[in-house]
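Remarks on the structure that follows.
Quick caveat: nothing in here was measured; it's all calculated off a predicted structure. Basis for what follows: all heavy atoms, side chains included, without hydrogens, waters or symmetry-related copies. Below, read A as the first sequence line, B as the second, and so on, with proteins coming before strands; counting in each chain starts at 1.
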2 protein chains.
Amino acid sequence: MMQLQEGRDKFIQAWGTLGSSWGINRTMAQIHALLLISPIALSTEEIMDALGISRGNVNMNVRSLMDWGIVHKELRPGDRKEYFHAEKDIYLTAMKIMRERRKRELEPLITIMTQLKQVEKLETPEGQALTKAVHDIDHFAHQADTVLTTMEKMTSNWFTQQFLSVIKKIKPL
Amino acid sequence: MMQLQEGRDKFIQAWGTLGSSWGINRTMAQIHALLLISPIALSTEEIMDALGISRGNVNMNVRSLMDWGIVHKELRPGDRKEYFHAEKDIYLTAMKIMRERRKRELEPLITIMTQLKQVEKLETPEGQALTKAVHDIDHFAHQADTVLTTMEKMTSNWFTQQFLSVIKKIKPL
DNA sequence: TCACTTTTTCAGAAGTTATTGAAAGTGTAG
DNA sequence: CTACACTTTCAATAACTTCTGAAAAAGTGA
C-alpha cells in the first residue's frame, strides 16, 4: 500500500510530465499539481520549498497559471503575503485549458488562412493544390473553433452529464 | 494579389509555427505542409532542397510523419528512390493526430492514476485532497478517452457532416 | 517621510531538444 | 562478389527554452 507522501510526489511528478504534452511547461504543471492536492492555499515560499525551485520561477509560473484562469490568488486579512489555490473542478480546468489553446492555436491559424485566400488563383496543379489546402484548413479551423466555443459555454457539469451520453448514442459508421 | 511562391512559403511557415503548439515539431510540420501543397510525391532530396535542411533531418521527420499515419511512401517502378506524399484529407489528418495524441497523453495518464488509487486512504485533509484529485482525474481521463476513441472510429466525412450539427443543437446550460 | 516586506524583472547559467553531416548499413543489378 | 544508389544512424554541436538569484520596483504601516 502506497504511503501519502510517496503518492503526492508521484502525482506531482506525473502531472509535470503530462503537462508538457498538454502545452504547459513542466514546472507550471508541477505547481498546478501541488496546489490541486493542497487543501489550503500556499504562499510563494511554501511552493519554493515544496518543489525546490527559485522564487523567480514560482512567480513567473504562478502568474501564467492565473492567466490561464486555473489558479487564483487569495489574500488573508492582516497578512501581506499572497496565497494561491487551484481550481479544484477538473472539468472546468480542462475547459479553461481548451479555451486558452483555442485562442493561441486556432485563432492565429484562421488569420493566416484568411490572408492566404488572397493568393492569385492559377490553373496549374501547384496553384490548385495550395488553394485546396488553404480552403480545407480554413473550413476545418472554423468548424473546430465553433465546436470548442460551444463547449466552452457549457459548464463542466454539462460535460460530465451530457456530452458522453450524446456521443455514445451516435452509431459509429 | 499574392503570388504563388509567396503563398507557398507563407503556408509552410505558418504550418510550421502552428505545428509546434500541436505537439509536432517545426520541421516535421514544415515537411508536412510542403507535401500537403505538392501535387506530386517528393523525394528526400527534393524536400532537402525545398526547405534547406539536412538529409538526416528529412529522413527522421518523414519517418515520424509516417508513424503518425499522415504521410505515405510511394515507390516508382524502375526508380530506387522513395517518394513521399501527404494524406490530403485534412479531417482524416486531424483524426490521426488526435489518435496519436490520445495514445501518447491520455493512456499514460490513466496508467499513473490507476497506480495512485493504491495510496492508503487517510482521513486527513491532505489524504482526502489527493484521493479526490486522483479520482476526478481518472474519471475525466476515461471519459475523454471514450470520446476520442468514439470519434476515431468515425470517418472524416462524419465529422464534417454530423458532429457540428449535433453539437449545435444542444442547448448550452 | 523611512524602514521594512513582498513581488517582479531580467541577464546569464543550466538544461533540453533539434539539426547536421559523415559513417555505417541495406538492397540491387551486373 | 563488387560497385553503386540510396537510407539510416548517431555523436557532436547548434538553437532554443527554462531557471536562478540578485537587484529593482512596488506596496504598507508608522
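- Side-chain contact between A/Met113 and A/His135: absent, with no pair of heavy atoms (C-beta onward) separated by less than 4.5 Å.
- Residues B/Ile31 and B/Val62 are in side-chain contact: their nearest non-hydrogen atoms beyond the backbone lie under 4.5 Å apart.
- Candidate nucleotides C/dT6, D/dT20, D/dC6 were compared by shortest atom distance to the side chain of A/Ser54, and D/dT20 ranks first.
- At whole-Å resolution of the value, CG in A/Asn57 and C1' in D/dA22 are 15 Å apart.
- Among the heavy atoms of the strands, none lies under 4.0 Å from A/Arg26.
- Within the 4.0 Å cut-off from OP1 or OP2 of C/dT8, not a single side-chain nitrogen or oxygen of A/Arg55 is found.
- Comparing C/dT7, C/dT19, D/dC6 by their closest approach to the side chain of B/Arg80 singles out D/dC6.
- Atom NZ of B/Lys81 and atom P of D/dC4 are 17 Å apart (whole Å).
- Distances shorter than 4.0 Å separate none of the side-chain N or O atoms of B/Thr44 from OP1 or OP2 on D/dC6.
- Across the protein-nucleic acid pair, A/Arg76 atom CZ and C/dT6 atom P stand 13 Å apart, rounded to whole Å.
- Between the C1' atom of C/dT8 and the NZ atom of A/Lys73 lies a distance of 11 Å, rounded to the nearest Å.
- Closest to the side chain of B/Asn59, from the set C/dT8, D/dT7, D/dC19, is D/dT7.
- Within the 4.0 angstrom heavy-atom criterion, only backbone atoms of the sugar-phosphate kind lie near B/Asn25; the bases stay farther away.
- Of the residues B/Asn61, B/Ile24, B/Thr93, the one that meets the side chain to side chain contact (heavy atoms under 4.5 Å, CB included) test with B/His32 is B/Thr93.
- Whole-Å rounding puts the B/Asn61 CG to D/dT9 P distance at 13 Å.
- Atom C1' of nucleotide C/dT6 and atom CD of A/Glu45 are separated by 9 Å, given to the nearest angstrom.
- The distance between atom CZ of B/Phe84 and atom P of D/dT8, rounded to the nearest whole Å, is 7 Å.
- Side-chain contact between B/Asp145 and B/Ile110: present, with at least one pair of heavy atoms (C-beta onward) separated by less than 4.5 Å.
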May I have the step-by-step check of salt bridge (charged side-chain N to carboxylate O under 4.0 Å, His left out) for A/Arg101 and A/Glu105, ending in yes or no? CA-CA 6 Å; A/Arg101 288 177 64 96; A/Glu105 294 162 21; 3.4 Å; yes
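- With distances taken from any side-chain atom of B/Glu82 to the nucleotides C/dT9, D/dT20, D/dT7, the minimum falls on D/dT7.
- Distance B/Ile31 CD1 to C/dT19 C1': 12 Å, rounded to the nearest Å.
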